[in-house]
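This report concerns only the one structure given below.
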Amino acid sequence: VHTFPRPQEPHLSVEREPVDGACPECGAQALAAYRVLGEGGLWDVVKCQQCLASVTRERAPRLGSLTPLGLTIR
Amino acid sequence: MIGVDVGGTFTDVVAVRDGQLTVTKVPSDAAQPAAAVIEGARRIGVEGSAVFNHASTMGLNAVITRRLPKVAFLTTEGHRDILDRGTLRRPLDGQTDPSWRRPFGDAARPLVPRYLRRGIVERTLADGSELRALDEAQARRQLAVLRRCAVEGVAICLLNAYVDATHERRLRELVHEELGADVAVSISSETSPLAKEYARASTTVVDVFMKLIFGRYSAQLDEELRALGFAGDLHFADCAATLLPWREALEKPFRIVFAGPAAGTISSTRLGAALGTGNLLCADVGGTSTDVSLVVDGAPFVNNTFEIEHDVVINALSTEVSSVGAGGGSIVSISPSGDIRVGPESAGADPGPACYGRGGEQPTLTDACLLMGILDPGGFAGGEMALDPELARRAFAALDTPLSFEQRVAFAYRIAVANIAEEVMNVAVRHGVDPRDFSLVAYGAAGPMLLPAALELLHVARVIVPPQPGLFSAMGLLSTDLVHYESRSAYVLLMPDAAADVEERYKEMEQALRARVDANGATIRRSLDGRLLGQSWETPFVEVGDGAITAETMPALVERFHDAYERRYGNRFPYVPVQGVTYRVELVVGADKLEYAEVAAAPDPEPAGTLELRYLDDEPLQASVYDRDALGLGATIRGPAIVREPLSTTVVMPGQTAAVGRFGEIVIEAQP
């Protein structure tokens, strides 16, 4: 059985990976890749951290990081 | 007088000089919309014309296809997703479909992408008092982002701004300071100062789009018309096909977003008045769709809001027009269950129907009519275009169905007619009218070749094919008045003690209208949208009357509301208090109108020939062919027959009689 320590951060948020390149909308060098939940489910996006324009937006697995055991059994 | 109707496929130009009607049709150019209008104006000649009345669905098409300028939306912090949420209504086919998404939502095609929708820290309460001051520093930070994103326009809609516009006006100043004086800005308190923030927001967003789309276009059009020698007034038609001087139209251009279809209704109303018939079902059959509208007792059915697409609401006076995806270019296909389907997809103008020979391979309704013998292969579009029956034949032969060739063509025609008849019947039922008391006006280039066949399905009294049916909508632009209007919202219980308050609102609006319009000879019309206390929807266009509203006249006003409510919904609740919501003043300036010329009597028409009308019956029918220009008053034709004119073809079905009226209209009735 896994146990997890109590988080130390006051707020939890998904980690944002910096991405090279400039935002095509505002020109800022502030792109980051992360997962968001919006209308239509979970999405893996690259967004500008200054203007929040989505540079790419691809559908993430339907249940996010959770993989049901049934799907892992072959 | 010149009227121009810019459609998706053709730009129709109609001119009246000394009572003579001149017409031309120019292919529309989506990339350079003004070019087709100028070409039409050049062909027809604009020198000496007093007015140039213009209607276009260019703005509507831009919204539907999302070919839109980059625009931002500013609203009260925490409310930026009102544009995404809409009114929360789902259409019928979305109610049982969990994957349904709003077509204008972020997951689909938003009008304004979410990163350009910014919340501003401020809050005005519903009574107009300030809960939170406008945080100018925060607003400037948001505007700095918009500046970097190079937006071309900004729509501003703050909560309750229709009650107090102070924050919106200040925010507009900040936009100009941060983004430049030339950035287009619309604020909801001026664009549409009405209650209900979503409709106000979507109207304001569309308004700023239209400012950008029509701004450059109008200036170019005006300049080039002047260069052609035009010295009159350029007017734009609005969604109810009333006219506005173009510079005034550009102050609130959301009003002209949907200008084309209403003009046909106005034209029908005008023709109906000339013929002495006020009850009309109007069907405009174009290349892609059929627009159906209703005229009762000589008045078109006008609404105070309309939807550009599902839930994209515009607060504009508009003639109610319902559309069905059946027109001359509608594609004939085989459904997954194996039956013939017509539309809603259309071959449009490019590549167009298969018989155009421009690369279209799918059969269309035009191909079916060509194969049936209704359309003349050498005389289409005034002889400017030759049709190839062999290409039409191949397209139908290629359909993947066990049906015989004859059945494919016959079913395509009959299904298209049934689709249109169903929509006409829906409009009649929705408004509680009996089609047997109504005449069906058949116009649009494809109307007269389809709608007579709907006579036996609809049981309308008669089908009227007006003169110049292919240009009938454009003629509506020469049959309408200039109407300037103002409206305001306030929830007021219509009791005697509120009379002074309501009267004051009307006076303010009248003064504002008179300040900007030369009102000599104009008529003032007051109306209100009200509701029974507790309702969340309004009954629009309650006539207020001419005199001042006083404590003594207030009961009569409430009574008029109950009358209007009963006419619209069939019920009367005289003991429920009435609440006024929107107050409207219209200033109507009369304009010169098209007068239909009477045709000479010619009771015994001679057919120009005969042809074989195929697929209407088991055996081909021999039909007489008439030239419409040769038909005069009193001419009577028994079906089956074809009446040809340069831009349209009328079919008189077996068992029908067509009679020519005094303005050249063809009245088709079932033979007794």
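Letters A, B, ... are given to chains in the order of the sequence lines, protein chains preceding strands, and every chain is numbered from 1. Given the structure is predicted, the values throughout are model-derived calculations rather than measurements.
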Proximal to chain A - members of residues 93-105 of chain B, heavy-atom separation under 4.5 Å = Arg101(B), Arg102(B), Gly105(B)
query = Among residues 110-119 of chain B, which ones touch chain A with a heavy-atom distance under 4.5 Å?
reply = Tyr115(B), Arg118(B)
Neighbour count above 12 (heavy atom, 6.0 Å) for [X] [atom1]:
| X | atom1 | result |
| --- | --- | --- |
| Arg140(B) | CZ | yes |
| Glu177(B) | CD | yes |
| Arg132(B) | CZ | no |

ask   = Can you pull out the residues in residues 17-34 of chain A with any heavy atom less than 4.5 Å from chain B?
value = Glu25(A), Cys26(A)
ask   = Residue by residue, which of residues 41-55 of chain A have a heavy atom closer than 4.5 Å to a heavy atom belonging to chain B?
value = Gln50(A), Cys51(A), Leu52(A), Ala53(A)
